[in-house]
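Worksheet for the structure shown next.
The residues of the chain are indexed from 1 along the displayed sequence.
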Amino acid sequence: MRTREEQIKELGCIMSVQSAEKHILEAERRAKQRVQAEIGRDSERLDNMREKLRIAKNGLLRVKEITGESSRAHQAADRALIQIAARPIDAAREVKE
């Protein structure tokens, strides 16, 4: 990736330095907007995953209520939900913030 100065110098051959600087700043602004939009989409995907996890856990709890037992299979499924989904979702949120 070239430095801003290198880009200005190259664009300065076909436009004024001031126009080149303006052009580069606008490109940087648009890039930041794209990054922010992608972060927003990531956040939405994480929310959806978290909601699916909540629904799965509620279903598991409902099965426990109906059967009146907490079998090893239920406990293993509960741990798997946390390990497979909850922790990575939380970790992704921490990285983003």
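- In this structure, the side chain of E6 engages the main chain of T3 through a donor-acceptor pair within 3.5 Å.
- For E38, the side-chain hydrogen bond (donor to acceptor under 3.5 Å, both in side chains) partners two or more places apart in sequence, or in a different chain, are R41, R45.
- Note that the CD atom of E26 and the CD1 atom of I24 stand 12.0 Å from one another [nearest 0.5 Å].
- E21 meets the salt bridge (Lys or Arg N to Asp or Glu O under 4.0 Å) test with no other residue; sequence neighbours excluded.
- Judged as a side-chain hydrogen bond (donor to acceptor under 3.5 Å, both in side chains), and not counting sequence neighbours, the contacts of R2 are E10.
- Atom CD1 of residue I14 and atom NE2 of residue H23 lie 7.5 Å apart, to the nearest 0.5 angstrom.
- Side-chain contact check for I55 versus E51: some heavy-atom pair is nearer than 4.5 Å.
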